[in-house]
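I have placed the structure first, in the form of structure tokens, so that the comments after it can refer back to it.
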Amino acid sequence: MLRCCMFLAALVLVAFTTLDARADRRVALVIGNSEYREIPALKNPDKDAEDVSKTFRLAGFEVFAAKDLTRLQFEERFRNYLAAADGADLAVVYYSGHGFQIGGENFLIPVDASLKDAADMEVQAIKVDDILRQLRSRSKVQMIILDACRNNPFPRKDYWLRDQLIVAGGSGLAQVTGSQNTLIAFATEPGAVAYDGSGDLSPFSSSFSRRALAPDQEIRSVMAAVRRDVVKATNGKQVPWENSSLIDDVVLMRGAEQPAPPPLDAQQNQQVTERGIQVADAAEAIGSRDIRVPVGVGPVPLKLDLPAKDASISLKLASYPATGTLSLPDRVLSPQSSLMAAEVDNLRYEPQIGSAAPVEVGFEIRVGNAAKQATVKLSPDVDPCDQAAGEPLDLQGVVSGRLPNEIGGGAVETCEAAVKSYPDIARFRYELGRVLLASGRIDEARQAIQEAADKGHIRALFALGSIASSGSAVDTSKANGLYSTAADKGDPYAMAAWGRALFNGLGVERDTGKGLDLLLQAAAMGHVDAMKELALIFQEGRNGVPADPARALAFLRAGMERQEVYSMGILGLPPKWSTQTVAVCKPKVVTKVVTKVKVVRTPAPPPPNTPKAPLAPIEPAPWRGNGGDHSDQPSRNTGDSTSGSADL
């Protein structure tokens with residue numbers, strides 16, 4: 001009778017919590033840059049990142065952890081993180097490493113940055129405002145935590161920012177203001193320098209990792225406690241600082257999620273132990289399972305089918321997956337979570353975007369004094385539609401993507417199956433539109449892309465803008481409206497298109513400053529067409545932006561590093577084709593940018609017995625630089641803006 005009541009109580013508890021709320025989606029990107037190549041290494045950031053990653057994981061976050069990122073690696077990790085953060089309740093970026101300010105703008109420094117030339121800041125460093133802008137467009141609440149307030153270690157002190165050459169001044173980072181529901185925390189006050197400390201962790205990260213795990217503490221109370229700790233540890237030399245516009249309470253570590261089963265008397269314990277051993281033996285079947293879990297479709301039920309649902313049986317997570325998130329319908333599970341037998345059938349797993357390695361989750365199954373271990377293998381599985389038709393730089397995508405000329409017509413059935421299986425995932429409808437377009441089924445492609453846009457797929461808005469700006473009935477106003485909407489939501493393709501329109505006054509009143517900013521933002525996300533457009537602007541000097549061939553060269557080199565064929569051709573480098581990885585080439589020293597074609601006049605045929613003159617050298621093909629019609633030459637790159645929909 002007692003066991004029956006306990007079982008019913010557990011079911012009531014599960015039902016109540018299921019009605020109470022869905023599991024919050026909380027995502028954190030944690031970066032520690034220590035091993036710098038051009039400047040002295042830092043001793044703490046890699047350990048800081050490891051410690052803070054554990055903290056967020058214990059608090060139930062999906063954690064994207066990374067150490068010693070180059071610029072290209074940061075772009076890839078950040079895109080994967082943004083895809084996971086789309087629609088999140090709370091999105092956090094924690095950075096430890098070199099960072100400094102120039103002209104009131106804060107920059108984080110990848111480990112491969114050299115910053116030797118005035119144009120290097122824009123192509124090698126990462127602007128904090130760009131990170132914050134992307135978080136605002138994707139999550140309900142945003143937090144950026146920076147343990148990066150160190151002196152500028154580079155010998156050069158002046159860099160290009162937008163249309164001005166700015167001299168670096170002051171120490172540390174500049175104050176940043178956020179929009180509503182944003183918190184931006186600094187390891188020290190604006191303009192001051194943070195310290196590494198004497199131990200393995202910086203004073204700031206050490207205190208944060210400890211204080212953030214206090215149960216049910218609101219984040220502003222956590223940061224106040226961190227401030228007290230750091231001031232004491234540094235004798236008042238370092239004072240952590242934050243700017244907050246939070247209107248919602250943010251609690252990182254929540255209190256106990258599940259009460260323990262009540263104690264049993266001796267007779268009940270003996271009965272439960274005997275039954276528990278049988279249950280645990282049956283549960284060993286779990287350990288032989290390898291469950292394939294689709295990526296990018298939300299939490300997927302694991303359907304473990306535990307043989308018994310007795311309320312006296314409890315399960316504890318003995319090991320948590322290295323990546324991804326375990327959850328129940330009402331809560332996200334952390335590495336310390338426990339759950340009742342009745343909840344096991346509702347257990348879900350969401351793989352981490354960008355991580356293909358199988359992971360394991362271990363359970364300790366306990367009844368009374370009896371306990372048994374069981375391990376389940378979970379294998380992330382990318383849908384064939386994503387593999388066939390995912391698009392480059394799609395911030396709601398799960399793969400590096402294919403260019404239009406790389407899509408096979410046979411993928412139509414594959415993507416139709418994905419749409420049928422996941423009717424609420426807008427990405428698959430957009431990818432279906434891409435393969436329909438590649439198959440020449442224009443009207444069906446247009447309809448699929450429109451349906452994807454209606455369901456919230458941002459890249460589809462850009463594609464609809466391309467449709468409106470091409471063909472026989474060009475509607476520039478409609479196209480610009482769609483580009484503007486998608487750009488506000490952070491899409492790099494749309495930022496490049498809308499930025500180009502504003503900068504040049506194409507169907508809209510010219511706004512050179514805003515247009516240039518959008519092109520720079522698109523380039524910062526790895527969009528090579530924006531890089532080419534900027535290179536042309538800086539080579540020639542346009543609309544009040546001063547010419548600077550060295551700055552143009554910097555953006556061409558950035559395109560070359562991403563295997564963009566036009567930039568490589570201009571620089572005299574052969575492209576290396578690859579559909580899987582982005583290769584990084586080391587350029588030879590180049591002294592000028594070729595933007596014009598030398599006309600070589602062919603002399604009349606020589607008279608008989610006259611020695612032949614040597615052939616004139618062949619110059620590179622002309623560079624159009626408009627980032628537009630690339631249909632004649634494919635670009636092997638993750639940021640080419642030829643979406644295919646422009647040909648509708």
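For the single chain, residues carry numbers from 1 onward in sequence order. Since the model is a prediction, treat every value here as computed from it, not as a measurement.
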Mind listing the closest non-hydrogen atom pair of Tyr36 and His98 along with its distance? OH-N, 2.9 Å
Decide side chain to side chain donor-acceptor pair (under 3.5 Å) for Asp129 and Asn106; before the verdict, give the C-alpha distance in whole Å, the side-chain angles of both, and the deciding distance to 0.1 Å. CA-CA 7 Å; Asp129 277 352; Asn106 293 318; over 6 Å; no
Please examine the side chains of Ile131 and Ile144, heavy atoms only from C-beta on, and report whether any two atoms are closer than 4.5 Å. yes
dist Leu395:CG -> Ser137:OG (nearest 0.5 Å) comes out at 8.0 Å
Spacing of CD1 belonging to Ile247 relative to NZ belonging to Lys140, to within rounding of 0.5 Å: 8.0 Å
Return the CG to CG distance between Asp394 and Asp491, rounded to the nearest 0.5 Å. 7.0 Å
Less than 4.5 Å apart, any side-chain heavy atom of Phe100 and any of Leu115? yes
Which residue in the set Ile458, Ile425, Ile353 passes side chain to side chain contact (heavy atoms under 4.5 Å, CB included) when paired with Gln396? Ile458
In terms of heavy-atom contacts, Arg77 and Ala66 come closest through NH1-CB, 3.1 Å
Side chain Arg542, main chain Phe538, donor-acceptor under 3.5 Å: no
So, does Asp529 use its side chain to make a donor-acceptor pair with the main chain of Ala496 at under 3.5 Å? no
Would you say Phe64 and Asn80 make side-chain contact, with heavy atoms under 4.5 Å? yes
With sequence neighbours left out, write down each residue that passes ring-ring contact (aromatic ring centres under 6.0 Å, His included) with Tyr95, or none if nothing qualifies. none
Using a 4.5 Å cut-off on heavy atoms from C-beta on, say whether the side chain of Phe107 contacts that of Gln101. no
Aromatic ring pairing His527/Tyr493, orientation class (parallel under 30°, perpendicular over 60°, tilted between): tilted
So, the side chain of Ser484 versus the backbone of Asn480: is there a donor-acceptor pair under 3.5 Å, distance only? no
Just by distance, do the side chain of Gln450 and the backbone of Gln447 share a donor-acceptor pair under 3.5 Å? no
Leu534 vs Leu520 side-chain heavy atoms within contact, under 4.5 Å: yes
d(Glu431 CD, Gln387 CD) to nearest 0.5 Å is 10.5 Å
If the threshold is 4.0 Å, N to carboxylate O, is there a salt bridge linking Glu75 and Arg71? yes
With rounding to the nearest 0.5 angstrom, report the CH2 to CG distance, Trp241 to Leu146. 15.0 Å
Minimum heavy-atom distance Cys415-Ala389, with the two atoms named: SG-CB, 4.2 Å
Just by modelled atom types, is the Gly397 backbone N or O under 3.5 Å from a matching donor or acceptor in the Arg427 side chain? no
Candidate pair Val93 and Tyr81, rule side chain to side chain contact (heavy atoms under 4.5 Å, CB included), full reasoning: CA-CA 10 Å; Val93 172; Tyr81 164 73; 3.9 Å; yes
Does Ile184 form a side chain to side chain contact (heavy atoms under 4.5 Å, CB included) with Ile145? I'd like the steps, not just the answer. CA-CA 6 Å; Ile184 305 165; Ile145 305 174; over 6 Å; no
Run the salt-bridge test on Arg402 and Glu391 with the 4.0 Å N-O cut-off and return the result as yes or no. no
For Ala547, does its backbone N or O pair with a side-chain atom of Glu540 as donor and acceptor, under 3.5 Å? no
I'd like to know if the side chain of Asn504 and the backbone of Arg500 have a donor-acceptor N/O pair within less than 3.5 Å. yes
What's the shortest heavy-atom distance between Trp498 and Leu518, and which atoms? CD1-CD1, 3.4 Å
Take a 6.0 Å sphere around NZ of Lys127 and say whether it holds more than 12 heavy atoms from other residues, nucleotides or ligands. yes
For residues 27-35, dump all side-chain donor-acceptor pairs below 3.5 Å to protein atoms at least two apart in sequence or in another chain.
from	atom 1	to	atom 2	distance (Å)
Asn33	OD1	Asp68	N	3.2
Asn33	OD1	Leu69	N	2.9
Asn33	ND2	Ile109	O	3.3
Ser34	OG	Leu42	O	3.3
Ser34	OG	Asp46	N	2.9
Ser34	OG	Asp46	OD1	3.4

How far apart are the C-alpha atoms of Met531 and Leu556, what are their side-chain angles, what is the distance that settles it, and do they pass the side chain to side chain contact (heavy atoms under 4.5 Å, CB included) test? CA-CA 7 Å; Met531 295 175 189; Leu556 287 178; over 6 Å; no
Can you check whether Gly490's main-chain N or O pairs, donor with acceptor, with Gln134's side chain at less than 3.5 Å? yes
Any side-chain heavy atom of Arg557 sitting closer than 4.5 Å to one from Leu553? yes
Please evaluate residues Val111 and Glu38 with respect to the criterion side chain to side chain contact (heavy atoms under 4.5 Å, CB included), reporting the C-alpha separation (whole Å), side-chain torsions for both, the decisive distance (0.1 Å), and the verdict. CA-CA 8 Å; Val111 296; Glu38 303 288 337; over 6 Å; no
Less than 4.5 Å apart, side chain to side chain, heavy atoms only: is that true for Glu122 and Phe555? yes
Do the numbers put Arg459 on top of the ring of Tyr430, so that NZ or CZ is under 6.0 Å from the six-membered ring centre and no more than 45° off the axis? no
Atom of Ala426, atom of Lys455 and distance for their closest heavy-atom approach: CB-CB, 3.6 Å
Other residues, nucleotides and ligands only: do more than 12 of their heavy atoms fall within 6.0 Å of NZ on Lys478? no
What are the two closest heavy atoms between Tyr94 and Asp147, and how far apart are they? OH-CB, 4.3 Å
Polar side-chain atom of Ser245 near backbone of Thr182 as donor-acceptor pair, under 3.5 Å: yes
Taking atom CZ of Phe428 and atom NE2 of His457, what is their separation to the nearest 0.5 Å? 10.5 Å
Glu406 side chain to Leu403 backbone, donor-acceptor under 3.5 Å: yes
Pairs where residues 517-527 contributes a residue and the test salt bridge (Lys or Arg N to Asp or Glu O under 4.0 Å) is met, not counting sequence neighbours: Arg162-Asp517
Is there a side-chain contact between Leu432 and Leu436 in this structure, where contact means two heavy atoms from C-beta onward sitting under 4.5 Å apart? yes
